[in-house]
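Protein chains get the first letters and strands the later ones, always in sequence-line order, with residue 1 at the start of each.
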Amino acid sequence: DAGVIQSPRHEVTEMGQEVTLRCKPISGHNSLFWYRQTMMRGLELLIYFNNNVPIDDSGMPEDRFSAKMPNASFSTLKIQPSEPRDSAVYFCAWGTYNEQFFGPGTRLTVL
Amino acid sequence: SQKIEQNSEALNIQEGKTATLTCNYTNYSPAYLQWYRQDPGRGPVFLLLIRENEKEKRKERLKVTFDTTLKQSLFHITASQPADSATYLCAPPGGKSTFGDGTTLTVKP
């Protein structure tokens, strides 16, 4: 899937647990995006990084969500503590503002 | 607030016909719009980008138009095939807010 590895592909956890989603894009591209997709809200941008620096995190729903990009080929999205309403498919994408390449997504279910 | 809207949740057409999908935007003037295809269980795949000063752009059987007066982009698939069945998403410039909800196209043989 467009040279992006996301892990895990599926995650089932219980409310209150910490969840860490991982993304490994093809390195050498400046921007990385994290999205969340649900039936109710569609595909929402959570945060994007440029040159490993968070540029806009206004889409991050709450302080429970945090994201890091320690280097150009790795990023994490953490939810602590998780809640049932966080259940969704989480995508990361690399590329530019003009063209993004999405990973296969992580389907998160919080019970 | 800035918003992207795709009018139809679902569109069913017969193979060989032209599919036309609509994307409307409100409360802003995007410099460009993007169209993506998403298959079940997969991430979106980039198809085309059209800039506000481009009236039309084509790629094989795909055609996209951008009408800044109507605040609308149309996405056409000519000579549609069952393999074109998917959800098509209209997207604002990257790094900005939310994609459209998508239109699920079903092409029947």
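When every heavy atom of A/F91 is checked against every heavy atom of B/R42, the shortest pair comes out as CZ-O, 3.8 Å. Nearest approach of A/N98 to B/Q34, heavy atoms of both residues: O-OE1, 3.2 Å.
Hydrophobic clustering keeps B/V45 apart from B/L33 (ILVMFWY residues linked when any side-chain heavy atoms are closer than 4.5 Å, directly or through intermediates).
Counting non-hydrogen atoms of neighbouring residues, nucleotides and ligands closer than 6.0 angstrom, the CZ atom of A/R41 reaches no more than 12 such neighbours. Heavy atoms from other residues, nucleotides or ligands lying under 6.0 Å from CD of B/Q14 number more than 12. Residue A/E62 qualifies as enclosed at atom CD: its count of foreign heavy atoms under 6.0 Å is above 12. Crowding of A/D63 atom CG: a count of heavy atoms from other residues, nucleotides or ligands under 6.0 Å not exceeding 12.
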Dump the intermediate steps for side-chain contact (heavy atoms from CB on, under 4.5 Å) on A/Q37 and B/F99, then the final yes or no.
-> CA-CA 10 Å; A/Q37 188 173 39; B/F99 282 45; over 6 Å; no
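For A/R107, no part sits under 4.5 Å from any heavy atom of chain B, backbone or side chain.
Comparing B/L49, B/L89, B/D101 by heavy-atom pairs within less than 4.5 Å of chain A, the highest count is held by B/L49.
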